[in-house]
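Structure, as structure tokens:
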Amino acid sequence: MGVLNVTRELERLIAHVTDRVPELAHIDPTRLLVCVSSTRGTGVRGTYARIHPLRFPGGARSVERRRGRHTWVSTMPTIVHRQVEILYIIYFLVPRFLDLSLREKLITVFHELYHISPAFDGDIRRFPGRNYAHGSSTRRYNTRMGELVDLYLADHGSPELLAFLEGDMAELRSRHRTLVGRRFPVPRITSERV
């Protein structure tokens, strides 16, 4: 086979998921930038993906913070892709992500998408308490993602969208001449004293 564009296939999958899963219907996939990033180690232990919101709490582009006697304004960068302002960047860490089972890959995709605020304002979904990103239990968060994945798979209707997720990195390399994916530097927040 030819070239497998991992980010393009993930974009197609994410568009299908957000169209089919009511809990993720608030997401506009055109305002997500899907990227790949390399992992240093091999094996499936560690982080598989991460999301970078491009707004502060409540969708604010900038926030003021006091540091000692000074006030600083921190501002999120503006990222434009295909003439659309991006609100979230999702990085899938390869080969680690691609070495997961099909179901675990989907749980990872859902996990990152579920972090997106229901207001779709560039901020993340915030749970009450100290662990605002996952709620009181990351395990319970991932169990819920597994339930959403199982519902999605039961009513999927487009198995060709999942073909690129079948098999691990070695199998994908044997099926495709080349694997490619979008790389994009992690956005930097700027801070200046006022």
Side-chain angles (χ1 to χ4, degrees), residues 6-7 9-11 13-29 31-60 63 65 74 76 86-156 161-162 164-169 181 184 186-187 189:
V6 176
T7 48
E9 294 303 317
L10 282 165
E11 287 171 339
L13 174 64
I14 288 169
H16 191 261
V17 165
T18 57
D19 187 52
R20 290 286 184 110
V21 179
E23 292 84 350
L24 302 173
H26 62 286
I27 297 169
D28 175 358
R31 300 196 71 188
L32 308 179
L33 189 62
V34 178
C35 303
V36 295
S37 183
S38 301
T39 52
R40 290 193 180 133
T42 58
V44 293
R45 296 215 182 273
T47 303
Y48 311 120
R50 61 181 181 262
I51 189 165
H52 285 270
L54 293 173
R55 296 289 186 278
F56 292 105
V63 294
R65 295 194 171 123
S74 296
M76 288 287 188
I86 300 300
L87 292 177
Y88 302 89
I89 302 176
I90 303 176
Y91 294 92
F92 290 90
L93 307 181
V94 294
R96 192 178 292 145
F97 167 73
L98 293 173
D99 283 338
L100 295 170
S101 69
L102 172 64
R103 185 171 182 273
E104 289 298 319
K105 287 174 192 157
L106 285 171
I107 288 172
T108 301
V109 171
F110 277 60
H111 179 116
E112 299 309 319
L113 293 176
Y114 200 75
H115 276 307
I116 294 172
S117 166
F120 197 70
D121 58 4
D123 189 20
I124 64 168
R125 181 185 303 264
R126 293 177 182 272
F127 293 92
R130 232 176 46 171
N131 187 1
Y132 62 86
H134 295 104
S136 60
S137 166
T138 302
R139 180 175 285 162
R140 195 165 28 242
Y141 182 102
N142 284 328
T143 297
R144 177 67 181 134
M145 295 309 101
E147 292 165 357
L148 292 177
V149 164
D150 293 341
L151 289 170
Y152 172 72
L153 288 173
D155 185 35
H156 187 264
L161 285 174
L162 300 177
F164 80 103
L165 292 177
E166 293 174 359
D168 62 13
M169 186 70 159
F184 191 83
V186 174
I189 298 171

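Numbers here simply count residues along the sequence, with the first being 1. Note that the structure is predicted; figures quoted are calculated from it, not measured.
- Leu24 contributes atom CG, which lies 6.5 Å from atom CG of Leu148 (distance to the nearest 0.5 angstrom).
- If you look at Phe127 and His134, their ring centroids are not closer than 6.0 Å.
- Side-chain atoms of Arg139 and Thr143 include no donor-acceptor pair closer than 3.5 Å.
- The aromatic rings of Phe120 and Tyr88 are tilted relative to each other, their planes meeting at an angle between 30° and 60°.
- The two residues Met145 and Ile107 have their closest heavy-atom pair at CB-CG2, 4.1 Å.
- Residues Ile124 and Ser117 are not in side-chain contact: their nearest non-hydrogen atoms beyond the backbone lie 4.5 Å or more apart.
- Not one N or O on the side chain of Arg140 forms a donor-acceptor pair closer than 3.5 Å with the backbone of Gly135.
- Checked against a 6.0 Å centroid threshold, the rings of His115 and Phe110 do not count as neighbours.
- Distance check: Thr7 OG1 to Phe184 CZ gives 13.0 Å after rounding to the nearest 0.5 Å.
- For the residue pair Tyr152 / His16, a side-chain donor-acceptor distance below 3.5 Å is found, with atom types taken as modelled.
- Residues Phe56 and Ser74 meet the side-chain proximity criterion, which asks for heavy atoms closer than 4.5 Å.
- A distance of 7.0 Å separates OH in Tyr48 from OG1 in Thr108, rounded to the nearest 0.5 Å.
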Determine, stepwise, if the pair Leu162 / His156 fulfils side-chain contact (heavy atoms from CB on, under 4.5 Å).
CA-CA 10 Å; Leu162 300 177; His156 187 264; 3.7 Å; yes
Working for side-chain contact (heavy atoms from CB on, under 4.5 Å), residues Leu32 and Ile86:
CA-CA 6 Å; Leu32 308 179; Ile86 300 300; 5.9 Å; no
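- A distance-only check finds no donor-acceptor pair linking the side chain of Asp123 to the backbone of Gly59 [under 3.5 Å].
- A distance of 7.0 Å separates NE2 of His111 from OG1 of Thr138, quoted to the nearest 0.5 Å.
- From Ile14, atom CD1 reaches atom CG of Leu161 across 11.5 Å, with rounding to the nearest 0.5 Å.
- Glu112 places a side-chain N or O within 3.5 Å of a backbone atom of Ile51 that can act as its donor or acceptor partner.
- Side-chain atoms of Tyr91 and Val186, non-hydrogen and from C-beta on, do get closer than 4.5 Å to each other.
- Between Tyr114 and Arg125, the closest heavy-atom pair is O-NE, 2.6 Å.
- You'll find the side chain of His26 stays beyond 4.5 Å of the side chain of Thr18, heavy atoms only.
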Please evaluate residues Arg144 and Glu23 with respect to the criterion side-chain contact (heavy atoms from CB on, under 4.5 Å), reporting the C-alpha separation (whole Å), side-chain torsions for both, the decisive distance (0.1 Å), and the verdict.
CA-CA 11 Å; Arg144 177 67 181 134; Glu23 292 84 350; 3.1 Å; yes
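- Residues Leu100 and Lys105 share a closest heavy-atom pair of O-CE, 2.9 Å.
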In sequence, state the C-alpha distance, the side-chain angles, and the governing distance for Arg50 and Ser37, and then conclude on side-chain contact (heavy atoms from CB on, under 4.5 Å).
CA-CA 10 Å; Arg50 61 181 181 262; Ser37 183; 4.0 Å; yes
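- Ring geometry, Phe92 versus Phe97: the interplanar angle falls from 30° to 60°, so the pair is classed tilted.
- Between Leu33 and Ile90 there is no side-chain heavy-atom pair separated by less than 4.5 Å.
- Considering only heavy atoms from C-beta on, Leu13 comes within 4.5 Å of Leu106 through its side chain.
- Rounding to the nearest 0.5 angstrom, the gap separating the CG atom in Asp155 from the CG atom in Asp150 is 13.0 Å.
- With Thr47 contributing its side chain and Ala49 its backbone, the two residues share no donor-acceptor pair below 3.5 Å.
- Residues Leu54 and Pro187 are in side-chain contact: their nearest non-hydrogen atoms beyond the backbone lie under 4.5 Å apart.
- The shortest distance between side-chain heavy atoms of Ile27 and Val17 does not fall below 4.5 Å.
- Heavy-atom minimum distance, Gly122 versus Pro53: O-CB, 3.0 Å.
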